[in-house]
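Letters A, B, ... mirror the listed sequences (proteins, then strands); counts begin at 1.
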Amino acid sequence: MNTPAPGDEPTATTAAHPALGRQDIAHLARLARLAVTDEELDRFAGQLGAVLDAVAQVQRADAGDVVPTTHAVPLTNVLRDDVVTPSLPRDVVLAGAPAADEDRFRVPRILGEEE
Amino acid sequence: MSDLTALPVTALQAALASGETSAVEVTRAHLDRIAAVDGDLGAYLHVDADAALARAGEIDASGTAGTGLAGIPVALKDVFVTEGVPTTSGSRILEGWRPPYSATVAGRLHDAGTVLLGKTNMDEFAMGSSTENSAYRVTRNPWDRDRIPGGSSGGSSAAVAGHLAPFALGTDTGGSIRQPAAVTGLVGHKPTYGSVSRYGLIAFSSSLDQAGPMARTVMDAALLHEAIGGHDPRDSTSIDAPVPTVVEAARRGAAGDLSGLRVGVVRELGGEGARDGYDAGVLERFAEAVALLEAAGAEVREVSCPAFDLALPAYYLIAPSEASSNLARFEGMRFGIRVGDDGSRDIDEVMALTREQGFGPEVKRRIILGTYALSAGYYDAYYGQAQKVRTLITRDFSAAFDAVDVLVSPTSPTVAWPIGARVDDPLAMYAADLCTLPASLAGVPAISVPCGLSEGLPVGLQVMAPALSDDRCYRVAAAVESAQGAPLADRLAERAA
């Protein structure tokens with residue numbers, strides 16, 4: 001949910017000088033499944049604008065042909081043999097869940113009224 | 001024995017091995033001190049005295065106390081999952097959760113015979129530099145209880161500096177072991193990325209998170225490091241390489257001879273090219289520490305690492321981006337709290353309400369920032385560019401380590417600041433990590449060792465080394481410690497006495 005589909009990006013039009021207003025914060029929060037209060041919207045709009053101005057300094061780097069580093073050590077995919085191994089005890093795992101029912105996690109309804 | 005809580009681990013080992021004391025006595029002494037002072041200090045989130053004493057009794061009965069770390073108490077930052085023991089990562093969203101398994105490092109410490117005293121306070125999901133972002137309580141600096149103990153491992157630093165544990169584990173993403181160690185007068189080491197298992201460590205920024213030791217002496221930190229280090233097949237980022245011989249390196253360093261060692265002072269971090277923001281006293285102590293290294297025989301020269309100037313913005317794009325992804329799992333369905341599930345709301349609404357009420361302001365800020373940096377229109381300009389800066393920083397380290405064996409800088413640009421002074425100013429808070437971020441982004445090891453006081457508060461020297469050369473950090477740190485006489489932590493005890 002953190003890599004929105006095309007068209008989901010915030011309303012600012014240039015990356016170099018982003019304007020992050022209340023509406024943008026609300027939109028980003030929605031993408032991140034995060035309800036925010038009006039008071040938080042006001043506070044975050046000011047703070048995140050300042051933070052974005054600061055972090056935009058990365059664009060100063062002359063890094064045209066530089067290969068990005070996503071990780072400090074080279075990662076290789078780790079595969080294991082296709083054999084059954086012991087897993088965590090079901091009862092212990094479900095005991096930590098907010099709600100459980102008949103050996104399963106119980107979740108709120110997934111489909112809305114109209115679906 | 002009068003005060004078991006004042007002894008370094010090495011002295012506790014000797015006292016246990018000789019039978020002069022027992023694991024139960026050592027554990028009880030620490031529990032008594034926790035009961036006496038932690039109400040004010042706020043270092044711990046969870047202490048189970050009965051379980052600790054029972055465990056200590058087992059060690060005594062086994063006859064192993066004093067062998068290695070058997071019978072030595074330890075505290076763990078609440079970011080490490082511990083089977084059956086409450087684990088919150090400093091967040092309301094995990095309130096009351098008891099994990100069904102333990103982190104590899106917690107298991108290794110248990111196997112080594114240590115006694116778990118409890119779980120220490122921290123900034124929520126390790127996001128912060130002051131431990132003021134904990135959802136539960138403020139932690140105070142034992143040197144001045146009106147000041148912060150650093151963050152995010154501030155509970156661990158306060159516990160060890162305040163003699164509520166002989167040593168502790170912290171985690172370091174952008175400096176969260178080194179900075180709290182520096183501002184509380186401790187030794188704190190961020191090992192080479194991947195050299196200590198991250199399995200069972202609640203993830204903040206997966207490409208940066210690293211567990212490591214915090215202790216009152218370099219040797220104590222080295223003992224803890226060797227106990228937790230080494231390859232872990234359950235962690236796909238774990239390096240399959242031998243644990244560096246850090247205990248031997250600490251012993252060598254304590255002899256005080258650094259002849260032949262080439263030390264680089266980073267121009268951009270506390271050197272001639274440093275930007276504003278450094279306390280004058282911090283720079284003075286740093287210069288004195290460099291003079292100590294020269295007096296011990298090291299050859300010192302200035303080294304320039306220009307990309308380090310962009311470490312702070314790069315970090316504050318990369319870490320929130322990874323956090324926004326890692327924290328997606330906290331949605332109230334499988335563990336932790338759930339909010340608003342009264343039958344009238346669908347799953348999306350319940351998840352959003354749970355996250356709204358479960359997360360604190362700093363976590364929300366970073367999730368939103370990370371979501372922004374990863375969004376379709378801005379990915380290349382922010383996240384992609386930050387990853388390129390990371391390459392430039394790594395290149396700067398490589399070039400520097402062609403010329404010198406270790407790099408040094410102040411650990412934190414300032415001493416501990418008053419509680420509350422930076423809470424409404426995220427940028428001021430982030431600046432606390434100025435010096436520690438480059439090593440995090442490049443994955444190289446770095447240690448903070450005390451190098452004196454400024455305004456009566458501890459200052460740390462940071463020593464950085466090439467990947468998998470953690471032993472160099474310990475050797476230099478031990479030499480600095482030795483040149484200063486008694487560890488700085490002892491001065492706090494003298495002052496309190």
Side-chain angles (χ1 to χ4, degrees), chain A residues 1-10 12 15-16 18 20 24-25 28-37 40 43-44 47-48 50-52 54-61 63 66-73 75 78 88-89 92-93 95-99 105 107-112, chain B residues 97-101 193-194 207 236-237 239 307 310 313-314 316-317 324-325 328 331-338 341 345-348 350-353 355-356 359 361 364-365 367-372 374-378 381-382 384-392 394 426-427 442-443:
Chain A
M1 70 182 176
N2 293 309
T3 309
D8 269 357
E9 64 267 28
L20 209 54
D24 299 306
I25 303 280
L28 290 163
R30 205 160 45 245
L31 291 175
R33 285 213 172 90
L34 194 61
V36 279
T37 63
E40 283 175 329
R43 187 150 32 99
F44 290 160
Q47 290 174 335
L48 280 166
V51 172
L52 260 186
V55 297
Q57 290 173 48
V58 292
Q59 291 162 3
R60 276 184 12 218
V66 174
V67 178
T69 298
T70 56
H71 219 268
V73 293
L75 289 179
V78 177
L88 294 169
V92 176
V93 172
F105 295 105
V107 301
R109 71 183 155 79
I110 290 172
L111 300 177
Chain B
W97 184 56
R98 290 176 186 260
Y101 69 105
Y193 178 83
S207 75
S236 65
T237 58
I239 298 172
L310 293 175
Y316 280 99
L317 286 166
S324 71
S325 173
E331 25 65 324
M333 296 302 118
R334 291 154 298 160
F335 40 73
I337 63 165
R338 181 184 292 179
D341 186 15
R345 296 183 178 89
D346 68 19
I347 196 165
D348 286 336
V350 172
M351 286 181 179
L353 281 174
R355 288 160 67 80
E356 150 65 14
F359 290 144
K364 289 176 187 167
R365 264 197 296 270
I367 288 175
I368 291 169
L369 180 62
T371 304
Y372 180 83
L374 292 177
S375 63
Y378 300 108
Y382 290 103
Q385 183 75 0
Q387 301 286 33
K388 289 181 178 179
V389 168
R390 191 172 185 172
T391 306
L392 296 176
T394 304
L427 288 175

Enter the distance from [X]:[atom1] to [Y]:[atom2] here, rounded to the nearest 0.5 Å.
X      : Y     : atom1 : atom2 : answer
B/I367 : A/L28 : CD1   : CG    : 12.0 Å
B/S324 : A/L34 : OG    : CG    : 11.0 Å
B/K388 : A/Q59 : NZ    : CD    : 11.5 Å
B/I347 : A/R33 : CD1   : CZ    : 8.0 Å

Region of A/L88 in contact with chain B, defined by heavy-atom distances below 4.5 Å: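 Looking at A/L88, just its side chain touches chain B.
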query: chain B heavy atoms under 4.5 Å from A/V51: which part of the residue, side chain, backbone, both or neither?
result: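 For A/V51, heavy atoms of backbone and side chain both lie under 4.5 Å from chain B.
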What closest approach, in Å, do [X] and [Y] show between heavy atoms, and which atom pair accounts for it?
X      : Y      : answer
B/P313 : A/A54  : CB-O, 3.8 Å
A/P98  : B/G332 : CG-O, 3.2 Å
B/Q385 : A/A61  : NE2-O, 3.2 Å
A/V36  : B/E356 : CA-OE1, 3.8 Å
A/P108 : B/D346 : CB-C, 4.2 Å
B/T237 : A/V73  : O-CG2, 4.1 Å

Do you know which of [options] has the most heavy-atom pairs under 4.5 Å to chain A?
options                : value
B/L317, B/L353, B/I239 : B/L317
B/G194, B/G336, B/P99  : B/G336
B/D348, B/I337, B/V389 : B/D348
B/Y193, B/Y101, B/F359 : B/Y193

message: Can a donor-acceptor pair be found, under 3.5 Å and without considering hydrogens, that links the side chain of A/T69 to the backbone of B/R390?
response: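 No; zero donor-acceptor contacts below 3.5 Å.
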message: Looking at B/R98 and A/A95, would you say the former's side chain and the latter's main chain have a donor-acceptor pair under 3.5 Å?
response: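 No, the answer is negative, given that no donor and acceptor are paired below the 3.5 Å cut-off.
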Ion pair A/E40/B/K364, N-O distance below 4.0 Å: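 Salt bridge: yes.
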In terms of heavy-atom proximity below 4.5 Å to chain A, should [X] be classed as side chain, backbone, both, or neither?
X      : answer
B/R334 : both
B/I368 : both
B/A442 : backbone

- prompt: Can you tell if the side chain of A/R43 reaches within under 4.5 Å of the side chain of B/P361, non-hydrogen atoms only?
  reply: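 Yes, side chains in contact.
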- prompt: Is the closest side-chain heavy-atom distance between A/D24 and B/Y372 below 4.5 Å?
  reply: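 No, their side chains stay 4.5 Å or more apart.
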